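Here the structure comes first, spelled out in C-alpha cells, and everything after it is commentary.
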Amino acid sequence: MAQLPILQFEEKIIETVEQNQVVVIIGETGSGKSTQLSQMLHRRGYTKSGIIGVTQPRRVAAVSVARRVAEELGVHLGEDVGYAIRFEDRTSERTRIKYLTDGVLLRESLSDPELGQYSVIILDEAHERSLNTDTLMGLMKRLIRMRRSNLKVLITSATLDGNKVSKFFFDCPVLTVPGKLYPVEILYSNERPKSYIESCLKTAIDIHTKEPEGDVLIFMTGQDDIEKLVSKLEEKVYSLEEGSCMDAIILPLHGSLPPELQVRVFSRPPPNCRRFIAATNIAETSLTVDGVVYVIDSGYVKQRQYNPSTGMYSLNVVQISKVQANQRAGRAGRTRPGKCYRMYTSMDYQEELLDVTVPEIQRSSLAGSVLYLKSLDLPDIDILRFDFLDPPTSESLEDALKQLYLIDAIDENGSITRIGQTMAELPLEPSLSRTLIEANEYGCISQALTVAAMLSAETTLLPGNRKNVDKKRKHRSEDLPDGSGWGDHIQLLQIFELWDQKNYDVNWCKDHDLQVRGMLFVKDVRKQLCQIMQKIAKGSLEVWSFKNQKESQAGYWNLRKALCVGYANQLAERMIHHNGYRTLSFKPQVVQVHPSSVMKPDEEGKFADYIVYHELITTSRPYMRHVCGVQVDWVMPILNKVKNLNVNKLSGGSTDLTRGTIEGNVKNSPKKEDARTTSTLDGHDNKIQAARERFLARRGKK
DNA sequence: GAGCACTGC
C-alpha cells in the first residue's frame, strides 16, 4: 500500500481541498485514486460532519473498491465502509465512506436534492462521461453554490479532459497524480490498412513468431469480426511449423458470450503457451485480463447514436478517441513493460482521432434525463439551459420535451404534471413508467409490471443465436408462447408467467434457452417496481397473475390499451398495401417490423393497422424492435395531440433556444434558426392530416 | 428474414 503513487501527494491534495471547494484530480491508471482519496479525507476529519460518497459508473467497481477499502481500514464491509448499488444497500448508520453507482446517487438526490448527508462527493471515472456522471456534474455545479460552507467535490478525470472540467467548475485547481504503469511502446502502422481484420491478423502472427512470451489483447468492434479473426488466427497459427514457436490459445471475449465462456480469460495458460484474446471494448474498462503484454488496437469501436429528428437509433462503427486509444494501450503495461500496435498511422492519431469520446448525453434520447431534472423542481434552473459540461443540442432537448408531452409527463407549457412526477420515481424509461400508471387505472398492473421488467433486461433474454439452437435441439423457440398474435410485449408477459408457474425454476429457463441471469434480473426488477408502485398507489396492488385464460384475454386487451398510452411517442401506422409502417410520433419514417418479432399477420397476411414499438434501430435497415398491435380507436386522441403540438410553448414560451448561451447548441445545429418560428412538426402537418383521414376511413369500415 | 458495443436506476 505504501508504494501507491497517490500517497506521496497526500499533503498537496489535502491542502488544495482545504482551500478549494472543487478539485479536479487527474489520476492515471494504477495511481490508487479510487481507494485512497476517500481514506485520506477520512484521516483528515472530513467524515466528522458527514459521509464521503464516491461514485462509480459500474456496479462491480463500486462493490470491489468498497471491499478493498474496508480491508485496508480493517473494518467490516457495511459498517464504517459500505456500498450502495441497485437492489443492494450495504451501508449502516455507522457508515462514513460510501461507494455507490452514479445512478444511485441521482436517485438519492430525488428525495434529498441537497444531498445533506454528504460532506464530500467524489465523482470517480468522470472521463468516461456516462449520462449519469454528466448529469451529476451539472447538479454539483449548482450544489456547491448552495452548500458553500460544508461540501467538497472532487472529480477525477483524464489528462486530455482535465482543463475542460476545471473551466466548467470556475477554474478550480487540477492536480495530476502519476500512475503505476510500466512503459508501453507505441507502434503505428505506416499506412492506413485496407482491412483492419487482415492487419490485426498479420500483426498477431508477427508477434507470435518474433516476440518473447506474453499474452496478446486485440481490440475489435463486435462479435462478427471477433469470430472471423479467431477462426483465421487459429488456421494460421496451427499451420505454423511445429516447434518454430510456442503454443497458442485463441479466445473470443464480448458481452453476448455466455458468462461461463467469458471467465475463460481469467484462467492462466499452460506453460510455453501464448494466449490471444480478441475482445470488444468490454476489455477496455469492464474486464481486466492479466498477463497481457501486447495490445493490438484496431482503432475502431461500435457506438450507438440517437437521431432526435427521427427517433431512431443506429449502431455505427466509428473511430475511437485519443483517451480510448491510451486506455487500450495501458492494458499492455499492467504487469511489465509492453507494446501497443496501433492499426492506424501516427498522423491519423494526431489529426483524425477526437481527443475525448463523444459523451453519451450527445448520443442518446434525453426524455428520461429531462423528466428527471424537471422532477427535481429546481427553482433557479431552466431545464433547457441546464449547465452541462457538454450541452446536448437544442434539437435533442426539444425532442425530449415533445416525447414527454405526448405521454402526459409535462403539460403544454412544459411544466411537469402529477403523472410526470410519479413517472420520475420509477427506475424505467418514460414510456414504460407511463404504461404502468395507465395500467394501474385499467386493473392490469400485474401484467404491466412484468412487461416493464422484461423489457428492462431486454436483449440478453431470448435465444439470440439461432445457429447454436438448431444444432442442439429443434423446437426450443416454438415451445415458448407466441404473444397470441398481439406481439412481443404480450409474449414477454407470457414467458414470465410460465416461469412463475414453474416456481422460478432455473432449469426451466435453461430448457427454453432463456438466459438464467437475465431472468433472475427481471424478477428483481419486477419486485423493485412492485414496491415503488405499491408506495405510489397507497394500497395493496393486485400484483400477481390472472388465473384463467378468459381473464388473460381481457388482461391483454387492457394491457395493450395501457401500452398505447405509454408509447404514444412511439406509434406507427401500417401502409396501405404492404406490411411496411410509417412512424407517426416523429418526422415520418418508413420502417419494418423486426423479423425476430412474434407479431402475426391476419388472414389476409396483414399486420395490425397501428402498432407501438419499443425501439427504432437501424442495422441493415430501419427496424422496429418489440412491437405490439393497438386498436385503431385508441390512436385518435394521440394523433390530435401530435397535431396540436407546439414545441415553442413546451420549451417555456419565453425561452428562445437559438439565442441560448449554450455555445454547443448553436455550433451543433447550424440550420436550426429557420425552423424555429413554429412547431417543428408543421412541415409534416399534411402527412398527419392524411393519417387522420385514413384512420377515419378505417374506423368506418369496422 | 436478421444478427446487437457497453453501462445503469
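Reminder, nothing fancy here: chain letters follow the sequence lines and each chain counts from 1. Since the structure is predicted, the reported quantities are computational estimates derived from the model, not experimental observations.
- Residue A:N281 is classed as a sugar-phosphate contact, given heavy-atom separations below 4.0 Å to backbone atoms only.
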(message) Could you go through A:E352 and A:K322, starting from their C-alpha distance and side-chain angles, then the distance that decides it, and tell me whether this counts as salt bridge (Lys or Arg N to Asp or Glu O under 4.0 Å)?
(response) CA-CA 9 Å; A:E352 293 279 311; A:K322 291 194 181 93; over 6 Å; no
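- Using a 4.0 Å heavy-atom criterion, one finds that A:I282 contacts the sugar-phosphate atoms exclusively.
- Counting to the nearest Å, the C1' atom of B:dT7 and the CD atom of A:E128 are 9 Å from each other.
- Residue order along DNA chain B, read from the 5' end via each residue's closest nucleotide, puts A:R304 first among A:R304 and A:L428.
- Across all strands, A:L426 comes closer than 4.0 Å to no nucleic acid atom at all (heavy-atom distances).
- Side-chain atoms of A:K302 lie closest to B:dA5 of the nucleotides B:dG8, B:dA5, B:dT7.
- Within the 4.0 Å cut-off from OP1 or OP2 of B:dG1, not a single side-chain nitrogen or oxygen of A:R621 is found.
- Of all the heavy atoms in A:Q421 and A:S375, the pair that sits closest is NE2-O, 3.1 Å.
- At whole-Å resolution of the value, CZ in A:R328 and C1' in B:dC6 are 12 Å apart.
- Looking only at atom types and distance, the side chain of A:S314 has no donor-acceptor partner in the side chain of A:T618 under 3.5 Å away.
- Side-chain proximity of A:R58 to the nucleotides B:dC6, B:dA2, B:dT7 is greatest for B:dT7.
- When the P atom of B:dG8 is taken as reference, atom CG of A:L455 falls 19 Å away, rounded to whole Å.
- Between A:Y613 and A:H489, the ring center distance fails the sub-6.0 Å criterion.
- The side chain of A:R625 lies closest to B:dC4 when the candidates are B:dC9, B:dC4, B:dA5.
- Among B:dA5, B:dC9, B:dG1, the nucleotide with an atom closest to any side-chain atom of A:P595 is B:dG1.
- Between A:E227 and A:K232, none of the side-chain N atoms (NZ, or NE/NH1/NH2) sits under 4.0 Å from a carboxylate O, so this pair counts as no salt bridge.
- Residues A:D102 and A:D224 both approach DNA chain B. Their nearest nucleotides, taken by heavy-atom distance, put A:D224 toward the 5′ side.
- Between A:R304 and A:E615 there is a salt bridge, since at least one side-chain N of the basic residue sits less than 4.0 Å from a carboxylate O of the acidic one.
- Distances were taken from every side-chain heavy atom of A:R107 (C-beta onward) to each of B:dA2, B:dG8, B:dC9; the shortest belongs to B:dC9.
- Note on A:V104: only backbone sugar-phosphate atoms sit closer than 4.0 angstrom, heavy atoms only; bases stay farther off.
- Note on A:T280: a side-chain N or O is less than 4.0 Å away from OP1 or OP2 of B:dC6.
- Whole-Å rounding puts the A:N132 CG to B:dC6 P distance at 19 Å.
- Residue A:S286 is classed as a sugar-phosphate contact, given heavy-atom separations below 4.0 Å to backbone atoms only.
- Among the nucleotides B:dC9, B:dA2, B:dC4, the one closest to the side chain of A:S620 is B:dA2.
- Taking atom CG on A:L105 and atom C1' on B:dT7, their separation rounds to 17 Å, with Å as the unit.
- Residue A:D89 contributes atom CG, which lies 17 Å from atom P of B:dG8 at whole-angstrom precision.
- Taking atom CG of residue A:L136 and atom C1' of nucleotide B:dC9, one finds them 12 Å apart after rounding to whole Å.
- Within the structure, a side-chain polar atom (N or O) of A:T101 is placed less than 4.0 Å from OP1 or OP2 of B:dC9.
- Distance CD (A:Q319) to P (B:dA5): 19 Å, rounded to an integer number of Å.
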